[in-house]
Chemist: 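Handing you this structure, nothing more for now.
In what follows, every heavy atom counts, from backbone to side chain, and hydrogens, waters and symmetry copies are set aside. All values derive from a computational prediction rather than experimental measurement.
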Amino acid sequence: MMQGFLEYLKEQVGRSVYVWGGQGETEITEKWVRSRENKEANILRVMRFYEGLRSKGISPIRAYDCSGLILHYWQDRVGFFTSDMTAAGLFRLCTALEKTALQPGDLVFRHNGTAIHHVGVYMGDGQVIEAEGRDRGVVERHIDAGGTGYWNRFGRPPFFDLKKTDDSCFARVKGDSVNLRAGPGTEYPIVTVTHRGDPLLARAEREGWCETAAIAGGKMQRGYMSAKYIERNK
């Protein structure tokens, strides 16, 4: 699963534009860009870069902002996330890391002293892929290309440890209100309550229970769920 994510990111480098709120759209017109961008100068920058890609014969050209580059895979392609998120929202789902602990697939963030406002993906060997901006689109560059403090927050996303190559570990809750418990049995305390249709990460069933992770209250919650309430994605 993670390898598929990294390969997807590689495919976007040099063939995508940055548009505020973009999440993989290919019908890129000036009218659409104007519906997303609120400054004339930014609209012109986007269209100038877009026309430059078209002149090179690149097709299809996709539009992303920094978080949209990540969410297009995990929301639109895989179906794990069900709603859009900002860079700050992605950061809240991550387990915080030191820069020295980064592994391929981890997320890197920029904090401006007030809030998280930008995100990229660490690819390994000191490289990061990001939707950098309206003049460059999606790029791959060294983690310190913008300065050693350019990326100043680091996190491991909840889907990091998924080593499978298919989508069988992605699932949905099929009960109206289903408990996520601290252990594989009803004698264990309730971690959180999930609801019908909520997205899950579910490992293989063992004695009627699955080790499971679910997003609840804006956070990734881990525990165990009765297998009868889990519907695995096809």
Side-chain angles (χ1 to χ4, degrees), residues 4-94 105 107-112 114-123 127-141 145-146 150-151 153 155 157 159 167 170 172 197-199 215 218 233:
F5 178 46
L6 299 178
E7 291 173 358
Y8 149 80
L9 291 169
K10 285 277 191 181
E11 292 170 358
Q12 314 313 311
V13 174
R15 56 184 310 112
S16 306
V17 298
Y18 182 106
V19 178
W20 183 259
Q23 197 165 312
E25 292 85 353
T26 57
E27 296 297 320
I28 303 170
T29 64
E30 183 175 337
K31 180 180 179 180
W32 178 78
V33 172
R34 287 184 177 278
S35 73
R36 298 300 181 100
E37 299 281 354
N38 58 13
K39 293 183 179 180
E40 186 67 22
N42 288 341
I43 294 166
L44 295 176
R45 289 165 65 195
V46 170
M47 295 309 299
R48 182 165 53 247
F49 188 76
Y50 172 68
E51 292 300 335
L53 293 180
R54 285 189 63 193
S55 70
K56 297 175 183 178
I58 294 174
S59 179
I61 300 170
R62 295 187 178 275
Y64 300 101
D65 66 8
C66 66
S67 59
L69 177 63
I70 296 165
L71 286 167
H72 180 58
Y73 186 86
W74 293 108
Q75 180 181 353
D76 301 333
R77 291 196 178 190
V78 175
F80 179 61
F81 295 121
T82 58
S83 60
D84 196 6
M85 269 183 287
T86 63
L90 286 169
F91 181 73
R92 286 192 292 270
L93 289 177
C94 288
L107 303 185
V108 295
F109 299 89
R110 293 198 71 190
H111 193 286
N112 62 10
T114 302
I116 296 288
H117 67 97
H118 189 47
V119 60
V121 182
Y122 184 69
M123 302 297 291
Q127 297 296 113
V128 168
I129 288 181
E130 60 178 308
E132 185 189 2
R134 297 168 184 87
D135 300 314
R136 298 192 65 194
V138 176
V139 301
E140 181 174 7
R141 58 181 187 154
Y150 181 86
W151 301 110
R153 299 288 191 279
F159 39 76
D167 290 348
F170 288 88
R172 302 278 174 182
D198 284 352
I215 295 176
N233 292 356

Chemist: Would you say the side chain of Lys56 lies within less than 4.5 Å of the side chain of Arg15, judging by non-hydrogen atoms?
Modeler: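 A side-chain contact is absent here, since even the closest heavy-atom pair is not under 4.5 Å.
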Chemist: Please round to the nearest 0.5 Å and tell me the distance separating atom CZ of Arg62 and atom CD1 of Ile28.
Modeler: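 CD1 of Ile28 is found 9.0 Å from CZ of Arg62.
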Chemist: Looking only at non-hydrogen atoms, find the nearest pair between Gly4 and Tyr73 and report the distance.
Modeler: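 Shortest heavy-atom separation between Gly4 and Tyr73 comes out as C-OH, 3.5 Å.
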Chemist: Return the minimal non-hydrogen interatomic distance between Gln12 and Leu69, and the atom names on each side.
Modeler: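 It is CG-CD1, 3.9 Å.
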Chemist: Rounded to the nearest 0.5 Å, what's the gap from CG on Leu9 to CD1 on Ile129? Could you check?
Modeler: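 That separation rounds to 5.0 Å.
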Chemist: Donor-acceptor pair, Arg141 side chain versus Val128 backbone, under 3.5 Å?
Modeler: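 No; judged by distance alone, with no hydrogens or angles, the pair does not exist.
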Chemist: Test Trp20 against Val46 for side chain to side chain contact (heavy atoms under 4.5 Å, CB included), laying out the working first.
Modeler: CA-CA 10 Å; Trp20 183 259; Val46 170; over 6 Å; no
Chemist: Strictly below 4.0 Å, N to O, side chains only: are Glu130 and Arg110 in salt-bridge contact?
Modeler: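 The answer is no: the pair does not qualify as a salt bridge.
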Chemist: Mind listing the closest non-hydrogen atom pair of Leu107 and Leu90 along with its distance?
Modeler: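 Residues Leu107 and Leu90, closest heavy atoms: CD1-CB, 4.4 Å.
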Chemist: Do Glu25 side-chain atoms and Gln23 backbone N/O form a donor-acceptor pair below 3.5 Å?
Modeler: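 Confirmed, Glu25 side chain pairs with Gln23 backbone.
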Chemist: Using 30° and 60° as the class limits, which term best fits the ring planes of Tyr8 and His72: parallel, tilted or perpendicular?
Modeler: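 Judged by the thresholds at 30° and 60°, the geometry between Tyr8 and His72 is tilted.
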Chemist: Taking Arg134 first and then Glu37, would you say they form a salt bridge - that is, a charged N and a carboxylate O separated by under 4.0 Å?
Modeler: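 So Arg134 pairs with Glu37 through a salt bridge.
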Chemist: Walk me through whether His118 and Cys66 qualify under side chain to side chain contact (heavy atoms under 4.5 Å, CB included).
Modeler: CA-CA 6 Å; His118 189 47; Cys66 66; 3.3 Å; yes
Chemist: Side chains of Tyr18 and Val138: closer than 4.5 Å at any heavy-atom pair?
Modeler: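 The answer is no, as the side chains (C-beta and beyond) never meet within the 4.5 Å cut-off.
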Chemist: Please evaluate residues Gln75 and Met85 with respect to the criterion side chain to side chain contact (heavy atoms under 4.5 Å, CB included), reporting the C-alpha separation (whole Å), side-chain torsions for both, the decisive distance (0.1 Å), and the verdict.
Modeler: CA-CA 10 Å; Gln75 180 181 353; Met85 269 183 287; over 6 Å; no
Chemist: Which atoms form the tightest heavy-atom contact between Val13 and Glu140, and what is the distance?
Modeler: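 That closest heavy-atom pairing would be CG1-N, 4.0 Å.
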Chemist: To the nearest 0.5 angstrom, please state how far the CE atom of Met47 sits from the CG atom of Asn42.
Modeler: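 It comes to 13.5 Å.
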Chemist: Charged N to carboxylate O below 4.0 Å: is that the case for Glu51 and Arg54?
Modeler: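 Result for this pair is yes, salt bridge flagged.
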Chemist: Apply the test side chain to side chain contact (heavy atoms under 4.5 Å, CB included) to residues Val108 and Val119: give CA-CA distance (whole Å), side-chain angles for both, the deciding distance (0.1 Å), then the verdict.
Modeler: CA-CA 6 Å; Val108 295; Val119 60; 6.0 Å; no
Chemist: Can you label the angle between the Phe91 ring and the Phe109 ring as parallel, tilted or perpendicular, going by 30° and 60°?
Modeler: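 Answer is perpendicular, since the angle exceeds 60°.
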Chemist: Taking all atoms of both residues into account, what is the closest heavy-atom pair of Ser67 and Ala87, and its distance?
Modeler: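 Looks like CB-N, 3.8 Å.
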Chemist: Working to the nearest 0.5 angstrom, can you tell me the gap between Asp135 CG and Arg48 CZ?
Modeler: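 Answer rounded to 0.5 Å: 6.5 Å.
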Chemist: Compare every heavy atom of Gly105 with every heavy atom of Phe5, then report the nearest pair and how far apart it is.
Modeler: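 Scanning both residues, the minimum pair turns out to be CE2-O, 4.5 Å.
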Chemist: Can you establish whether the number of heavy atoms outside Glu27 located under 6.0 Å from its atom CD is more than 12?
Modeler: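 At most 12 heavy atoms, drawn from other residues, nucleotides or ligands, come within 6.0 Å of this atom.
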Chemist: Roughly how far, to the nearest 0.5 Å, is CD1 of Ile43 from NZ of Lys31?
Modeler: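 The NZ atom of Lys31 sits 13.5 Å away from the CD1 atom of Ile43.
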